[in-house]
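Contents: one structure, followed by commentary.
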Number of protein chains: 4
Amino acid sequence: MKPRDENKINEIYKATLNLVKASGLAGITMQMVAKEAGIATGTLYIYFKNKEALINALFDVCIRSSASTFFSNYDPAQPFKIGFHTIWLNIVHRRVTHFNESIFIEQCFHSPFIDEESKVRLRKIFEPLLHLIERGKKEHLIKDIDTTWLLSLMVGAINEIAKRTMYYHIKLTSEILEANFQLCWDGIKA
Amino acid sequence: MKPRDENKINEIYKATLNLVKASGLAGITMQMVAKEAGIATGTLYIYFKNKEALINALFDVCIRSSASTFFSNYDPAQPFKIGFHTIWLNIVHRRVTHFNESIFIEQCFHSPFIDEESKVRLRKIFEPLLHLIERGKKEHLIKDIDTTWLLSLMVGAINEIAKRTMYYHIKLTSEILEANFQLCWDGIKA
Amino acid sequence: MKPRDENKINEIYKATLNLVKASGLAGITMQMVAKEAGIATGTLYIYFKNKEALINALFDVCIRSSASTFFSNYDPAQPFKIGFHTIWLNIVHRRVTHFNESIFIEQCFHSPFIDEESKVRLRKIFEPLLHLIERGKKEHLIKDIDTTWLLSLMVGAINEIAKRTMYYHIKLTSEILEANFQLCWDGIKA
Amino acid sequence: MKPRDENKINEIYKATLNLVKASGLAGITMQMVAKEAGIATGTLYIYFKNKEALINALFDVCIRSSASTFFSNYDPAQPFKIGFHTIWLNIVHRRVTHFNESIFIEQCFHSPFIDEESKVRLRKIFEPLLHLIERGKKEHLIKDIDTTWLLSLMVGAINEIAKRTMYYHIKLTSEILEANFQLCWDGIKA
DNA sequence: GATGAATGAGACTTCATTCAT
DNA sequence: GATGAATGAAGTCTCATTCAT
């Protein structure tokens, strides 16, 4: 239970994400995770109390590292659109470069492992974005409708973009990225 | 002799969808399905060869019945925006009234049960929408970018709308619906 | 439980014997028997209380009909060798023409279905042969050793002959039969 | 780490043979085997992929170890009768001391577990005996009839001898053995 | 701490038996 | 009586977890 070898934990996380992407939460076993991580089954239990603990810990790590990247280079002091654009790009980038993670979070959301509390925590990481959107509405730059729907358009579209990019092996050029941003922007702008 | 109860199959499907929504594909057992459907475990195996067969059959049914509703009342002869609006509403409606189904399909997509062929079939059901969008581009009504991205915005947003509606127990009034459609339309329109 | 249709019972017996030959007692199910017999599963239980009853009844039938053929045309009044030859031929003939039956009896002998009493009954059907051999010993025509060993040679060889005949699809001509009888006779004769 | 206990495999084999003798292939379950072998059910599956694999592996082991004893002390350079006597005694001895094994092989022969290939392998182990008999025929010591029938007498009688010995709890003295050998020899000798 | 064999509860599945038609 | 769908106990097998090394 003493996470001595930080590197080994990362191997376990990576293994889990890979396997979940390949065959879903329903398709992984602790033995598979151990094998993929290059360790013995018993070793898993040195680092995680049990399967649920592993899934929950990973869920938490995913949320935290997602959150930190979503708002990197984001400066609330900048004009709205610049901030929005920054975050939009960050999320797209994260979803694509950490596609495993997105699948994992999606699968966890409907699973016997994740408790309500963790789900709330997931929602919280979008709070800075929420505030930015509120500000955009106040500045009359974007439509004055419930923030949840503005977020739906933005986040929903990003999720779909990431999936299509990965499933169809598309290379996301900056032209494509900007075109997609434009779609989103035209949708929400006042 | 007791004739094979075709209705029983529907009970099994319903039970499976309910359980998957509650605890994910990873969280269901054949016993749970049987109990939820109000039958004996063995009876499941009269109707489905095994768990995989049940999941696949249900996946197929979901796809088919989704497809049939997506394009109900859609008349390709009508103006583009009317057709698009009809389909948009249909999909939202289906996603919300059959939320179980959406979760199930999402979970199946990354699972050890569904084969590549079924995934392709899922993508095919959007073909009429694809053609409509192509037409919209030709009529210069919507942006001239790759259809996949236009679909991303539309479908991604709808998925998100459905999730938020269900998670937060929101009542979708026609005002909300129309506001959301406006977001989408403004996003894609030329 | 009322054996109304005698013909149906025979179909069930035939089906069981065929299936046991093909895949052993370990490999048959009541459903397989029913299907092979061309009846419904439930119908089996009209004629036999349960699986054990079916096996036991069939075992009994096999024993009885075997016994009746083993000694057909056998007349204790005839000279020893003639009687012995008659019985030897009868047994060979039965084993070959009812090969299924032999396999079934062999498999039953080590099975959870047959009780000790039935096994004793099986041994009893050889009693007339036993008496004949005792007589042969008294007449100094055959070796004066324990009858069980004389029977071993005779019965053991016959079993083997039947198996080889069936496994290798050999046509038993009267030359072959007589050569084999000679082997047996030379073995036991004084 | 606990190293894989090769001896455990032997325990499993022994347990299986004991149980099959007691209640036939049809009467054993993996639980019974595990319990008899003094291990947990799951452990069985560490050593054998499934039930079929266990049965097949054991069948193979039985064949191999049988074969090795059948021809121990047999020297093809010795006179025919000496060689034949040696093998005859070896087979009798094996059948009696490993009666479980004989029953198991017999039951396997008509079972859903054993494939044709294994059956062929079983027949192959008698090949040296076959050659010896061919030689006996060439030396005009034994009857000039198809070897299969000479083997029938020998092997069939031995099987019967072993069964009677075991069923009736007979002690096989060397007098009895020699008397039985004499029966066989008189049967096949020219 | 690391290992992987061992465990046994519980999952999937079968099948003897029952029962509604 | 005949049927075959339905049942659920029991069998096969898996897998989260433990433990001896």
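Order of the sequence lines sets the chain letters (A, B, ...), proteins ahead of strands, with each chain counted from 1. This structure is a prediction, so every number in the text was calculated from the model and none was measured.
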[X] [atom1] to [N] [atom2]: how many Å, rounded?
X       : N      : atom1 : atom2 : result
C/Lys35 : E/dC15 : NZ    : C1'   : 15 Å
C/Tyr45 : F/dG4  : OH    : C1'   : 13 Å
C/Leu25 : E/dA16 : CG    : P     : 12 Å
D/Ile46 : E/dG8  : CD1   : P     : 12 Å
C/Met32 : E/dC15 : CE    : C1'   : 12 Å
B/Lys8  : F/dT7  : NZ    : C1'   : 10 Å
B/Phe48 : F/dA5  : CZ    : C1'   : 15 Å
B/Ile12 : F/dA6  : CD1   : C1'   : 12 Å

*Starting at the 5' end of DNA chain E, write a dot or bracket for each base, bracketing those in Watson-Crick or G-U wobble pairs whose two distances are under 3.5 Å and using | for partners on another strand.*
.||||||||||||||||||||

*Among pairs that include at least one residue of residues 27-40 of chain C, which meet side chain to side chain donor-acceptor pair (under 3.5 Å), considering only residues two or more places apart or in two chains?*
none

*Pairwise side chain to side chain donor-acceptor pair (under 3.5 Å) hits with a residue in residues 15-26 of chain A, at least two apart*: A/Asn18-A/Asn100

_Under the ring pair (Phe, Tyr, Trp, His ring centres under 6.0 Å) definition, can you give me all pairs with a residue in residues 17-37 of chain A, not counting sequence neighbours?_
none

*Taking ring pair (Phe, Tyr, Trp, His ring centres under 6.0 Å) as the test, write out the residues that go with A/His98, two or more places apart.*
none

*So is B/Lys8 actually on top of B/Tyr47's ring, under 6.0 Å and inside 45° of the axis?*
no

*Is the Lys NZ or Arg CZ of C/Lys51 less than 6.0 Å from the centre of C/Phe113's six-membered ring, within 45° of the axis?*
no

_D/Arg121 vs D/Glu116, test: salt bridge (Lys or Arg N to Asp or Glu O under 4.0 Å). Steps then yes/no._
CA-CA 9 Å; D/Arg121 225 173 310 132; D/Glu116 202 52 41; over 6 Å; no

*Could you walk me through whether C/Lys14 and C/Glu11 pass salt bridge (Lys or Arg N to Asp or Glu O under 4.0 Å), step by step?*
CA-CA 5 Å; C/Lys14 211 164 37 166; C/Glu11 287 301 319; 3.6 Å; yes

*asked:* Both D/Leu44 and C/Asn50 contact DNA chain E. Taking the nearest nucleotide for each, which residue is further toward the 5' end?
replied: D/Leu44

*If you look at every heavy atom in A/Ala57 and A/Tyr13, which pair is closest and at what distance?*
CB-OH, 3.5 Å

Quick test: give all pairs of protein nitrogen or oxygen and nucleotides 8-11 of chain F nitrogen or oxygen below 3.5 Å, distance rounded to 0.1 Å.
residue : atom : partner : partner atom : Å
F/dG8   : N7   : B/Gly42 : N            : 3.4

_Less than 4.0 angstrom between a side-chain N/O of D/Tyr47 and OP1 or OP2 of E/dA6, yes or no?_
yes

